[in-house]
> 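Got a structure here, written out as structure tokens. Questions coming.
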Amino acid sequence: MEKITPASAVSVQNLVKQYGNLSAVDHMSFDVSAGTCFGSLGPNGAGKTTLIRILSGLIKPSSGQAWVKGIDISKYPEIVRRHIGVVSQAMTTDLDLTGRENLDIYARYFNTEKKMRTRRIVELLERIGLTDRADDLVATYSGGMRRRLEIARGLIHRPSILFLDEPTIGLDPQSRRVVWELLQEFRQDEELTIFLTTHYMDEADILCEQIAIIDHGKVVVLDTPEGLKKNIPGENIIDVTIEHKKEILSTENQTELPHIDMLTSKLSGFTFVQDVSQKKLETRSSLIALQIYVTNGVASIPVLMNQFQTWGYQVHTIGLKQASLEDVFIHYTGKSIRKEEGQKVNFFIGAGVPRKMG
Ligand SMILES: Nc1ncnc2c1ncn2[C@@H]1O[C@H](COP(=O)(O)OP(=O)(O)OP(=O)(O)O)[C@@H](O)[C@H]1O
Ligand SMILES: [Mg+2]
């Protein structure tokens, strides 16, 4: 069955990838419009790489279907591969070759004629700012330089869709911004559709028109960054950290503490409270961190302070903020993506030496 949907660069229906009992991709369905940037945002183990591996024809789905440019990826992976570029999560450029040689080897794979190949390589090296270093070994490149080279390699055959798996992981803030600018420029100049995975909120916010928040292999929610922020309840968020006074006086009475569900239900009794979610804290178990979505902003703070006092809680911190993508993530998954971020080990150690341990 072919799917003729030229406006959709990528289309996924009920996609599943099963590893034993684990659903790495669990009935995902979505469409990516041509010429847009689509972000799949999720923590470690959410299924981001598995999804990209299916869409780029590296692994077969257990069930469901995926089309790239209207072509069934399971049936015609070779054809699909001509239309797509892939920048994988781990660095895969050859350290023992120069930047130019890395690009040339890849271009030969696509049977590009020599003159065309040379011209494209010169053009790309210029675009990624590596003309001066083109004939140095990649082993001497920084992580950011190597990442830029990998992006150029993914574009060598002028694909119309570029898949990037965590394109800026492990890069310093300045190199990350350089990669973002590069992707925005390439997208415009080469009429690219970009499909990227990330666990960086700012990256998804800056680059993507559509963001799918994924967790445990499922698309939890899909919308524009603005839509995601707007659709979480309440106009403002109160971030509060509280501790029950009994807990402060004695750590032996844990079972007597008011249950968190009871606290949530009590808070929900206020007309200005639209929703309450709990952030998991690892540092001290007696601390409770809540996000309270309210409609009346700063006016709710004294009311809540009083109420927590009455219920026997000491308020450690309380603050008001506008919704961010991080709040959206907590709202839909009940956990912070940053906690997962911290577990990720930087895999750029020294000049261009890849050691992925994440
Ligand atoms: N070949 C495999 N065999 C068994 N389990 C696998 C395999 N590949 C992935 N998984 C599991 O599938 C789940 C999703 O993995 P995946 O690599 O897609 O996550 P991810 O979102 O890319 O995570 P990360 O942010 O760490 O890169 C994980 O629980 C992982 O352990
Ligand atoms: Mg991954």
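Counting starts at 1 for both ligands and their atoms, in listed order. These numbers come from the heavy atoms of this one structure, side chains and all, not from hydrogens, waters or symmetry mates.
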> With respect to Arg100, which candidate in Asp132, Asp135, Asp136, Asp94 satisfies the salt bridge (charged side-chain N to carboxylate O under 4.0 Å, His left out) definition?
Asp135

> Can you label the angle between the Phe195 ring and the Phe163 ring as parallel, tilted or perpendicular, going by 30° and 60°?
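Rings of Phe195 and Phe163: tilted, as their planes differ by 30° to 60°.
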
> Atoms of ligand 1 less than 4.0 Å from Thr49 heavy atoms?
17 (O), 18 (O), 20 (P), 22 (O), 27 (O)

> Can the positive tip of Arg153 be found less than 6.0 Å from the middle of the six-membered ring of Tyr106, inside 45° of the ring normal?
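Flagged: Arg153 positioned over aromatic ring of Tyr106.
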
> Just verifying a value: how many Å separate Ser40 OG and Ile213 CD1, rounded to the nearest 0.5 Å?
10.5 Å

> Please compare Gly42, Gly45, Pro43 and report which has the shortest non-hydrogen distance to atom 13 (C) of ligand 1.
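It is Gly45 that holds the nearest heavy atom.
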
> Any nitrogen or oxygen of Ala24 lying under 3.5 Å from a nitrogen or oxygen in ligand 1? Just yes or no.
no

> Return yes when Glu166 approaches ligand 1 closer than 4.0 angstrom through a heavy atom, no otherwise.
yes

> At less than 2.8 Å, would any N/O/S atom of Thr49, backbone or side chain, sit next to the Mg ion (ligand 2)?
yes

> With a cut-off of 4.0 Å, which atoms of ligand 1 are near a heavy atom of Ala46?
19 (O), 20 (P), 21 (O)

> Measure from NZ or CZ of Arg82 to the centre of the six-membered ring of Phe110, then state whether that distance is under 6.0 Å and the direction lies within 45° of the axis.
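No; the conditions do not both hold, so Arg82 does not lie above the ring face of Phe110.
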
> Is Thr50 close enough to the Mg ion (ligand 2) that one of its N, O or S atoms comes in under 2.8 Å?
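Within the cut-off used here (under 2.8 Å), Thr50 places no N, O or S atom near the Mg ion (ligand 2).
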
> Taking ring-ring contact (aromatic ring centres under 6.0 Å, His included) as the cut-off, I'd like each qualifying pair that reaches into residues 217-242, sequence neighbours left out, listed once.
none

> Kindly check if the number of other-residue, nucleotide or ligand heavy atoms within 6.0 Å of CD (Glu113) is above 12?
yes

> Within a distance under 4.0 Å of any heavy atom of Leu22, pick out the atoms of ligand 1 and give their elements.
11 (C), 12 (O), 13 (C), 29 (O)

> Does Gln89 have a non-hydrogen atom less than 4.0 Å from ligand 1?
yes

